[in-house]
Number of protein chains: 2
Amino acid sequence: MAAITIDDVAARAGVSIKTVSRVLNREPHVRPATRDRVLAAVDLLNYRPNASARALAGSRSYLVGLFFDNPSPGYNSQIEQGAMSACRDAGYFLLVEQLPETGAALRERVAALLSAVRMDGVILTPPLCDRTELLDALAGEGVPCVRIAPTIDLGRSPFVYMDDRRAAYEMTVHLQGLGHRDIAFITGPADHRAAANRREGFEQAMRDAGLPVRPERVRQGAFSFLSGWECAEQLLDSADRPTAIFAGNDDMALGVMAVANRLHIDIPGTLSLAGFDDSPGAQVVWPQLTTVRQPVAQMAQVAAALLTGAPPDRDAARGRQLDFEIVVRQSSAVRGG
Amino acid sequence: MAAITIDDVAARAGVSIKTVSRVLNREPHVRPATRDRVLAAVDLLNYRPNASARALAGSRSYLVGLFFDNPSPGYNSQIEQGAMSACRDAGYFLLVEQLPETGAALRERVAALLSAVRMDGVILTPPLCDRTELLDALAGEGVPCVRIAPTIDLGRSPFVYMDDRRAAYEMTVHLQGLGHRDIAFITGPADHRAAANRREGFEQAMRDAGLPVRPERVRQGAFSFLSGWECAEQLLDSADRPTAIFAGNDDMALGVMAVANRLHIDIPGTLSLAGFDDSPGAQVVWPQLTTVRQPVAQMAQVAAALLTGAPPDRDAARGRQLDFEIVVRQSSAVRGG
DNA sequence: GGTCGGCAAGACAGCGCTGTCAATTGCTCT
DNA sequence: AGAGCAATTGACAGCGCTGTCTTGCCGACC
């Protein structure tokens with residue numbers, strides 16, 4: 001209860017508080033023997049420096065902000081997990097904030113926020129990472145940020161991303177490998193860069209395999225269950241059906257699955273299905289969904305590490321690319337199998 | 001950039017910094033005219049007090065901790081949303097921490113955490129809210145907490161909860177109202193208090209309606225998709241089937257749905273199905289799941305409000321009960337309809 | 001042997017705010 | 001009009017730590 005302060009440690013170790021401070025902050029000019037003595041005292045007293053005092057006196061706050069404005073619980077949750085784990089390792093703390101505002105209101109809120117609590121850096125998740133006014137506000141306050149999967153102004157800040165294009169390419173190859181030649185694709189919102197990348201990956205893979213991409217086989221969805229449902233009705237409600245459908249995200253894939261069930265189209269017997277994201281829903285349906293797992297948590301982890309200055313290789317390129325994973329479950333199988 | 005301090009405001013308003021402080025903290029003994037002048041200066045300069053300095057000098061830190069150790073993204077996400085909204089309204093900030101530890105390690109981590117950043121209160125979500133060692137550690141540090149849906153030691157702290165028993169009762173009544181008399185129930189883990197409450201509510205409703213609760217109609221699940229699947233196979237794989245199944249949570253209900261699909265049992269034509277939680281998955285299947293919506297976000301909001309001292313009625317009982325909602329979707333319908 | 005250079009460690013002054021206590025003001029009451 | 005009292009306001013000392021500057025010390029070098 002009676003909080004231990006740096007003075008207690010200094011007294012115990014027989015040094016000045018400044019020396020304790022130096023040890024704690026890994027500053028140079030401390031003899032190894034002295035350092036050991038201090039560390040022993042710290043351990044003995046179980047001392048933890050007070051974050052508020054540090055923030056007030058010094059230039060660091062040991063706080064990392066995580067800003068989001070994304071209704072997807074699964075995504076946010078993974079991001080948080082990753083960011084938190086990196087913060088913990090670096091002795092930092094995670095402050096989360098939802099920023100539903102846009103435009104001037106956003107700028108204001110961010111300014112207010114940052115003047116109240118100084119942050120050593122913030123992590124921006126989609127779609128915030130592409131909000132120019134936010135980037136401006138952050139830059140104006142001099143707060144560094146790392147963006148996750150940004151799509152514009154890539155030069156403005158370090159960022160972490162996954163190669164949607166290549167992932168979609170490989171998923172398409174997976175379906176082709178199962179014998180599918182007539183594969184339909186349901187794409188996401190037109191203004192969504194990642195959606196476009198996925199579609200490009202799909203089309204490239206088809207071309208590379210010498211397969212045609214029939215226009216009626218590419219449907220425009222909206223990344224929602226319902227839009228997947230609607231596209232599926234168009235794709236499946238005739239005798240001329242594709243043997244496989246690759247949906248641009250899992251929600252839409254689940255919409256396809258619902259329609260297939262209603263029409264008694266067997267998955268994966270008659271129709272193979274693949275999604276993208278490995279959302280929580282992908283495993284609570286039957287058959288479980290073949291999908292692309294994004295390294296979401298890992299991206300956040302890297303982002304946080306970049307901010308806390310404990311990155312594995314700090315001098316890597318500004319854009320850090322992480323690997324996806326093709327998760328093959330029961331919804332895709334050999335054609336006609 | 002050149003941060004504005006309380007001195008700037010004081011100078012602008014022509015008062016001492018202490019008076020500004022008083023206004024900001026809503027302390028008494030400030031003449032309305034003075035208060036207005038100060039507030040005008042605050043507005044003009046767009047001043048926000050520095051949280052670190054406040055925390056260091058005063059007894060409050062304006063930080064609320066949200067501790068969790070729950071793999072359910074949907075739940076956490078809602079909790080966070082609710083807690084954040086209440087914090088924002090009260091001028092507080094939300095610090096999230098995952099505490100995977102148990103026993104002594106938990107105690108230690110919490111102590112370390114709290115000695116580094118003082119928190120004005122913490123919100124404990126299930127299952128952490130029932131970890132005695134955590135409650136002890138918090139009490140030892142003198143940090144108040146509010147628990148969400150705790151099941152033990154109800155007197156130890158204020159808490160917020162929902163009446164699982166009554167919710168299950170009403171869902172059962174809903175199914176009965178559709179004409180179902182042979183209803184099966186899939187319960188959750190035996191040591192899970194909420195699961196037991198739900199089961200009790202179901203059984204009570206059956207008794208009150210004069211309907212038998214046949215032992216083979218109550219199956220032991222584990223709150224997972226797979227366990228729902230297994231229970232459903234036992235319940236549905238014979239001619240003597242219930243006309244409705246009420247699963248103790250949505251994941252299990254989805255397992256039931258998967259089996260029904262496989263067996264070509266029409267939902268809701270032949271079998272009505274109800275879940276509990278209104279998890280994200282409940283809406284990305286077809287038919288969409290009839291379920292019980294827990295006021296998760298609202299519970300967190302109330303919890304945070306309790307902590308930040310801005311509760312609607314602070315002197316209400318220690319346990320604040322919030323209302324659930326029966327969400328009727330397509331998976332339940334009139335028997336034989 | 002004296003002086004310089006550099007490492008190690010300490011003294012000291014705040015960071016921006018709140019708590020305490022003292023000083024001032026503005027009223028009421030007689 | 002003056003005393004008496006509460007309502008206002010301000011002066012000042014830290015909260016626990018880090019940044020800057022200073023001091024002490026040892027070996028190297030000429």
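Every chain is numbered from 1 and lettered A, B, ... according to where its sequence line falls, protein lines coming before strand lines.
- The shortest non-hydrogen separation linking B:L95 to B:M119 is CD2-CE, 4.0 Å.
- Between A:R31 atom CZ and D:dC25 atom P there is a gap of 11 Å when expressed in whole angstrom units.
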Please write out each protein N/O paired with an N/O of nucleotides 26-28 of chain D under 3.5 Å, distance rounded to 0.1 Å.
none

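- Checking side-chain atoms of A:S77 against main-chain N and O of A:G74 turns up no donor-acceptor pair under 3.5 Å.
- The 12-atom threshold is not exceeded at CZ of A:R12, counting heavy atoms of other residues, nucleotides or ligands nearer than 6.0 Å.
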Using a cut-off of 4.0 Å between protein heavy atoms and nucleotide atoms, how would you tag nucleotides 15-20 of chain D 5' to 3' with B, S and -?
BBBBBB
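- For the pair A:R54 and A:Y62, the cation-pi test (distance below 6.0 Å, angle within 45°) is passed.
- Panel note: side chain B:E133, backbone B:G103; a donor-acceptor pair is recorded below 3.5 Å.
- Between B:T34 and the phosphate of D:dT9, there is a side-chain N or O to OP1/OP2 separation shorter than 4.0 Å.
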Kindly indicate, with the supporting measurements, whether the criterion side-chain hydrogen bond (donor to acceptor under 3.5 Å, both in side chains) is fulfilled by A:N50 and B:R118.
CA-CA 8 Å; A:N50 175 312; B:R118 201 75 216 157; over 6 Å; no
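- Ion pairing of A:R147 with A:D153 is absent here, as no side-chain N (NZ or NE/NH1/NH2) approaches a carboxylate O to less than 4.0 Å.
- Atom C1' of nucleotide D:dT9 and atom CZ of B:R37 are separated by 11 Å, given to the nearest angstrom.
- Among the candidates A:I148, A:L66, A:L135, the single residue satisfying the side-chain contact (heavy atoms from CB on, under 4.5 Å) test with A:L124 is A:L135.
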